[in-house]
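Whatever order the structure lists ligands and atoms in, that order sets their numbers, starting from 1. All values below come from the heavy atoms of this structure, side chains included, with hydrogens, waters and symmetry mates left out. Here the structure is a predicted model, which is why all the values come from computation and not from measurement.
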Amino acid sequence: MPAKRSLKQTTLLGFVTSKKPRLSRSEQTHVSSSSDDPKKQVTEGRDEITSGTQKGGEESEDPKKTNVTSRSSLSPSATAQPQAAPSASASSSASSSAPTSTSTSTATSSVLAPPPPSSPTNSPNPQPSLSPTKPPSPTKAFTRIVPHTGSLFPTAPPNTLLIHACNTLGSWGGGIAAQFARLYPSAYKVYKSHCVRHKHNRGELVGRALLIPPLDSPSLPGLKEDGKGDGTGPGVRGHYIGCLFTSLAYGKKRDSEDKILAATAKAWRWLMRLVCEAEEGGEMIREVRMCKINAGLFGVPWESTKRAIEGVELREGEVPNVGRVEGEEGCRVEVQVWEIGC
Ligand SMILES: Nc1ncnc2c1ncn2[C@@H]1O[C@H](COP(=O)(O)OP(=O)(O)OC[C@H]2O[C@H](OP(=O)(O)O)[C@H](O)[C@@H]2O)[C@@H](O)[C@H]1O
């Protein structure tokens, strides 16, 4: 059964950024560092589902290698999941820039612990009654983009994961990010505080991702798809939000196209890992949607971004249940890309 969230439930899907040596899983749940003190995150990041794994700058970019996953209260069995961390960086097809070093790891934890039920903007989404049973995760898969026409938001059922590209400066001020900020104010706070927490090491965020659980309740009055005013009714929200850090900054200071594409591939792997961890912790993500990330303010041709994402070979622990299709030619993870039609 899907885990029902309570105040005491926590999911630590660690965003690791300290320079501490890698610890065992049991040790990792107690990791504390100046920048990513788990206790601090229980306070600061209690609405965060986040995050994979992290490491410091030159450390491995493989989420698995630094992963901190503590779901003791959410799903005790989850902590017993085998890590089976393959030498991830070695087999990445699309992330040639993936570091191979594993010298250090950090522990950033993200906490999936809902705020009081009385807070409407923070009410967690009811988990759908989907079967948690699944076939064993395949050891590799590729993402396949499935095009759809329409706005990303209005038809997305509750518990859909909506993905967009972000910079590390903590503002969802332009493009579709501004729509996210209006539609998902609680998620925006989580994103912003995450960026603030990393303000001294923003560079480490690039190529990583943040997974925010449904914090903005579907029972709230709806907004139009552009985020302005009422209109679309309940169900618009109640979504997971995936932030791909594909550029350090925005505007003229945005990264080069090549850097954005490399960061996109890395961040994609990272996010898929986070999704897997969330699923292991009992989260039931219903479908995955994204816009044509990088194709607006970042100015990267969509076809290049699509190639980068579809070129990432997802490995064990990175192949989520949601969107997974087993075909004759192997396993694929289908992700919907929504584009507003003319
Ligand atoms: N409702 C909707 N449904 C479906 N597709 C929609 C849509 N609305 C717009 N699009 C399309 O969505 C694509 C992405 O276009 P965008 O310009 O938004 O994003 P991007 O990925 O190039 O760049 C990211 C930086 O923009 C922000 O900056 P701030 O944080 O504000 O500083 C971020 O945070 C990053 O930094 C384009 O194809 C748009 O046509």
Quick one: which ligand 1 atoms are inside 4.0 Å of a heavy atom on [X]?
| X | result |
| --- | --- |
| W338 | 4 (C), 5 (N) |
| K292 | 13 (C), 14 (C), 37 (C), 38 (O) |
| N167 | 28 (O), 29 (P), 30 (O), 32 (O), 34 (O), 35 (C), 36 (O) |
| A177 | 27 (C), 33 (C), 34 (O) |
| I293 | 21 (O) |
| F153 | 1 (N) |
| A295 | 22 (O), 38 (O) |
| I340 | 1 (N), 2 (C), 3 (N), 4 (C), 7 (C) |

*Pick one of side chain, backbone, both or neither for how H164 approaches ligand 1, counting any non-hydrogen atom pair under 4.0 Å.*
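Neither; nothing of H164 gets under 4.0 Å from ligand 1.
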
*Heavy atom under 4.0 Å from ligand 1: found in Y250's side chain, backbone, both, or neither?*
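Looking at Y250 and ligand 1, just side chain atoms fall under 4.0 Å.
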
*Within the 6.0 Å centroid threshold, strictly below: Y191 and Y184*: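 Centroid distance Y191-Y184: not below 6.0 Å, so no.
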
*asked:* Could you work out, for atom 23 (O) of ligand 1, the closest of F245, W172, F298 by heavy-atom distance?
replied: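 Heavy atom nearest to atom 23 (O) of ligand 1 belongs to F298.
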
*Would you tell me which option among T246, T149, I176 has the nearest heavy-atom contact to atom 10 (N) of ligand 1?*
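Going through T246, T149, I176 one by one, I176 has the nearest heavy atom to atom 10 (N) of ligand 1.
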
*State whether the shortest distance between N or O atoms of C291 and N or O atoms of ligand 1 falls below 3.5 angstrom.*
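No, there is no polar N/O contact under 3.5 Å.
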
